[in-house]
Amino acid sequence: MNIRPEKSVIKTYHKLSKLPLGSVTARGWLKDQLLRSKDGMGGHLDELEPAMIATPHINYSGFDHLPFMEGTPDPTFVAGWSGEISGTYWTGLVQLAFTLNDKELIDKATRWVEGVLAHQEADGYLGSYSPDTDRMADYNPWASMWCYRALLAYHEATGRQDVLDAVYRGCLWFCDNWKDHKTDYAGSTIIEAMVITYAYTGDERLIAFCGNWLAWLEENSRWQNKVSQYLSPSLPYSSMHAVAYGECVKHPALVYCVTGKECLLNASVNGLKKALKRVVHATGGPSSSSEFLSPTGGANEVEYCNFATYNHSYSWMAIATGQAGWGDEMERCLFNGAQGSRKKDERAIAYFAAPNQLWSTRESSLYAEEGDYGAYSPCYHVACCPAQSVRIIPEFIRSMALTDEKQELYLLCYGPAEVSSSNLSFTMDTLYPFRDTITLHVHHADAASLHLRIPAWCKNPSVTVNGLAAALISDDSGFARLDADLAENDEVILTFPMEVTISRIDDSAACAKFPMVIERGPLVYAFPIPVEWKKYPGRPITPLPEDWSWFEAFPAMDWRDPLVRRNSCWHKAIDEHLDPQLIRVVEHETTGYVWEEPPVTLEVPLYKAPYAYMLYTPRPQEAWESPLEIEGEAEMCTLVPHGCTNLRVTYLPRAAK
């Protein structure tokens, strides 16, 4: 989502804005992934669960049963759940369509938009709750918010005023009907659509509604979503659904964008920074065991929704603050955890996955073993995570390039893409994050300035323009301005040298094993476990077509033999004092899809640790003790980027030496 200054009719206070949807399009491996998404869940999720995903905002449809429930579900419950999941999918599909510039997908998105507009009620109500449901339910604005996100993205890409008008009328319905009614869990997420619509209309009712909701939460909320709580230093574990926290924490900053109240911006900044410190894994996803905020640890899982949710909030914080560091968090999240929980053909994701994932089966989840949530599925009966997986890649791509009020361009994140703005257009060709070099080919430049995020991990960035060294003029935002007058056909080469680092994970609140993690640039590395995929029918609401399936991922070995398991490849430990200089970086010729055939690996000396893990449990595990007893001398082992795995050990146990 976005607030475009050229469309705003009020004074705004955010430092940067995204370019309109469609201004940044995918190239290289990013395009490869989006094309796989089109052929996978991105292009077909609505067909797999048509009643729950395709049409709830068009004809009030929804699921008619759930595999784990008896009897007919409550219509209000169905309206909220189906509306959320449907709107989430279409939010992703709209962005996927325009980020690929794919006519077939754009036509599909347009048909959905037309259906939604035709379904809007005479009094302005726009959502998934039919007149015979309880429209005061908490999930009504939550589900509507997802529909509005999709519509606002479509409006941004096409400029269609009737789409913005429909969202405006929908927001006013809530202003009128929820004026004296608020809820304390998910409903406040409609603040995002309210703020954007306020910027474009100047209707004070919208921002007053947002301010009233924040004030109401301060006095009434049972959750960690109060401004005062965001400003406080504490963030108790188990205090809130991790996804809800990630959604709600940005709301004060959004209101700041149109009011200038610094205390609100500070609340969101502090709220996210303490989450980064306490719950976010080195792989970029917040630990959300049993879906709630939880401490980091090798076996502590991430609910997939969180990757998309937190990446979205990080992008909003970059917009509000103008600080480049939020781009580091976006890259960490997308390149590592979000990729490591996706089947590489884009036809299934893991609802729950951990940094140390030894199995991914219907029973492997340590905290949600009853719902097949450890297995890989294209569409669980709780389909929020598959729907969220559709939006994260295109949403990341459209956040790569930002502009300020002078229309100067800022590169927040890096990857192969094409960027088109009013002052500057170029292609960005690179194998980043697997390589440290990024080449920009300038197509158009009109007295344009280019600002580059200098990654926090990079000590000696450099840049050339047409082969000649150019200066980078840094400021306190983490961006550096390229000191060059760019012109058509210029070639700009950015180099961000990547060093290998080894650090200790603070898992003291979980199990205090203090494992080690190896990183190079924006990538976290893992010991890969070879995978044997086994299909099974799963428990979808609607039977899947013949060419779709649920999957379990087993180690490709005779795992039933305890001696084989004890001597398995992943029973390893690392010298916690290992000199990173002893790790060898190996770059490989790129011959296939990067997340299947990694362009870079690390050769790392590791010890055999035969008693690292229990023999019979199929669930994510921690070593019982640390440091671990080892055998023999260290041997060189190959580690790959975490995102190139589905089964792995990423938090390496320490060796007793």
| query | Less than 6.0 Å separating the ring centroids of Trp90 and Trp146? | reply | no
| query | Does the cation-pi check pass for Arg160 over Tyr154, that is, NZ or CZ under 6.0 Å from the six-membered ring centre and within 45° of its axis? | reply | no
| request: Assess Lys343 against Tyr376: is NZ or CZ under 6.0 Å from the centre of the six-membered ring, and within 45 degrees of the ring's axis? | output: no
| field | Flag side-chain contact, heavy atom, 4.5 Å: Trp142 against Ile190 | value | no
| Between Leu66 and Trp81, is any pair of side-chain heavy atoms under 4.5 Å apart? | yes
Considering only NZ, NE, NH1 and NH2 on the basic side and carboxylate oxygens on the acidic side, decide whether [X] and [Y] come within less than 4.0 Å.
X      : Y      : answer
Glu156 : Arg398 : yes
Asp107 : Lys103 : yes
Arg347 : Asp547 : yes

| request: Starting at CG of Leu206, measure out to CG of Asp203 and round the result to the nearest 0.5 Å. | output: 4.5 Å
| query | Going from CD on Glu597 to NZ on Lys344, what distance comes out if it is rounded to the nearest 0.5 angstrom? | reply | 13.0 Å
| request: Please check if any side-chain donor atom of Asp134 sits under 3.5 Å from a side-chain acceptor atom of Tyr129, or the reverse. | output: no
| Taking atom types as modelled and ignoring hydrogens, do the side chains of His155 and Thr158 form a donor-acceptor contact shorter than 3.5 angstrom? | no
